Amino acid sequence: MKAVHFGAGNIGRGFVGTLLHEGGYDLVFSDVAAPLVDALSAAESYTVHEVGEGGQDRVVSNFSAVNSAEDPAAVAEEISSADVVTTAVGPTILKFIAPHIVAGLRLRPDQSAPLQVMACENALGATDTLRGHMQELAGDQWPVLAARAVFANTAVDRIVPGQPEGAGVDVTVEPFYEWAIESGPFAGERPNIPGAHFVEDLGPFIERKLFTVNTGHATAAYLGAAAGRQKIAEALADDEVFAGVSATLEETSALLVAKHGFEVEDMAAYRRTILERFRNPELPDTVQRVGRQPLRKLSRHERLIGPAVEAAERGLSVDGLLSTVEAALAFSSDEDEQTQQMQKMLRELDAAAFTTEVTGLQPGDPLFDRVQQIVAARQS
Ligand SMILES: NC(=O)C1=CN([C@@H]2O[C@H](COP(=O)(O)OP(=O)(O)OC[C@H]3O[C@@H](n4cnc5c(N)ncnc54)[C@H](O)[C@@H]3O)[C@@H](O)[C@H]2O)C=CC1
Ligand SMILES: O=P(O)(O)OC[C@H]1O[C@](O)(CO)[C@@H](O)[C@@H]1O
């Protein structure tokens, strides 16, 4: 069995690649970072170090690496005979992955079993987004190519921080992981991924994950940065930050209970587990990494504005979520392009234009006025 995985970064090596290897797949990593591709090509194996309670080392082997920028033909060739294609590149990069999969499907023999395609990004419906890009590219050929693949949305959860200098291709991760995959598209022939679970309706799972793990993590990052903390674990040790994260997560839990019928006690237990994960002192995770790309995180259907709008529509509290939005606007980073772009937009646009452009909220939407006031206060 063979799996082609796009994006050999933190989650690619430290989670998706690890589980595919343990499921018996020969792995082909595809990336555009030449030093990373070279390092993987030179390595026979790498080690995934799980740090924190219950953690162990796992060794990943039987992999190769291809630079998709330099050798797209080789990537298409690998896809033509693969069983599975996964991605962990970031939601905005999926449009650059689509041409490779389309090219691979063109080469794929009709009698092959359908290629199983799963985008493993922190986003709602990421595989649908990828398929949309592919369909657009394929044009009239799409019905033929689409018959050669199945597409399943997934929700992946494991904290894989930025890696320390000199770690090579080894990866440090938390012991916890969860991978939920839509079962419907597979018609019984599921990929063999130990520890993954298949669900008929991914919607509630991915919203529970995005609006708890990712909302909570982003809140810890933005409130932590505002409080002068550098590590996520240090941010959570600050009583005020902890109270802010808890308040925000109580709001998203109330929404998830109202919308999907999760039990109140189950959500409380889920929050406790997640806050413990964030507090893992052995995980070298920073507010800079977790707060990265604030424009994406402040967009309409993402982890802050997304649940805030739905909560407001139900008459639920959104004070915590809006405090996180306020802190996000104050976020600064020398490394992150989007953070700098956000700060530039704050300087150049008026509050209404910034609110519309960044959050997707329109005048007249329930939260527009409150968010616009927060933006205006930041600008004053
Ligand atoms: N790190 C984490 O804890 C988690 C990350 N995720 C999601 O996984 C995705 C990746 O995140 P990370 O691994 O943290 O980022 P990362 O930056 O460590 O890895 C991304 C990789 O994608 C590669 N890449 C960029 N453009 C590419 C292209 N056109 N073709 C092939 N490869 C390309 C980069 O060179 C890099 O190696 C994001 O969507 C993130 O939200 C999801 C769950 C957890
Ligand atoms: O910030 P992104 O790109 O969504 O990905 C990083 C996220 O991944 C996680 O580490 C695990 O889902 C989150 O905690 C973090 O917010």
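All ligand and atom numbering here is 1-based and tracks the order in the structure. Computed from a predicted model, the values in this text were never measured in an experiment. Nothing fancy with the numbering, it's 1 onward along the sequence.
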Going by the order shown, which atoms of ligand 2 are within less than 4.0 Å of some heavy atom of [X]?
X: Arg303; result: 1 (O), 4 (O), 16 (O)
X: Arg296; result: 1 (O), 2 (P), 3 (O), 4 (O)
X: Lys209; result: 12 (O)
X: Arg158; result: 11 (C)

Atom 17 (O) of ligand 1 touched by protein (heavy atom, under 4.0 Å):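 Looking at atom 17 (O) of ligand 1, one finds that no protein heavy atom lies closer than 4.0 Å.
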Does any N or O atom in [X] lie less than 3.5 angstrom from one in ligand 1, N or O only?
X: Lys209; result: no
X: Ala33; result: no
X: Asn10; result: yes

Close approach, Lys297 and ligand 2, non-hydrogen under 4.0 angstrom: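 A heavy atom of Lys297 does come that close to ligand 2.
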Shortest protein heavy-atom distance from atom 7 (C) of ligand 2, along with the residue and atom involved: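 Looking at atom 7 (C) of ligand 2, the protein heavy atom closest to it is Asn122 ND2, 3.1 Å.
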Worked verdict on Asp128 versus Asn153 for side chain to side chain donor-acceptor pair (under 3.5 Å): CA-CA 7 Å; Asp128 293 340; Asn153 288 298; 3.0 Å; yes
Joint hydrophobic cluster, Val4 plus Val16, side-chain heavy atoms closer than 4.5 Å: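 No, Val4 and Val16 fall in different hydrophobic clusters.
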Contact with ligand 1 for Gly162, non-hydrogen, under 4.0 angstrom: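 Contact absent.
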Cationic tip of Arg190 above Phe198 ring, under 6.0 Å, 45° of axis: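 Yes, Arg190 sits over the ring of Phe198.
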Geometric cation-pi criterion, Arg208 with Tyr270: 6.0 Å, 45°: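 Cation-pi check for Arg208 and Tyr270: passes.
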Closest to atom 6 (C) of ligand 2 (judged by heavy-atom distance), picking from Glu302, Arg289, Glu174: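 Nearest option to atom 6 (C) of ligand 2, by heavy atoms: Arg289.
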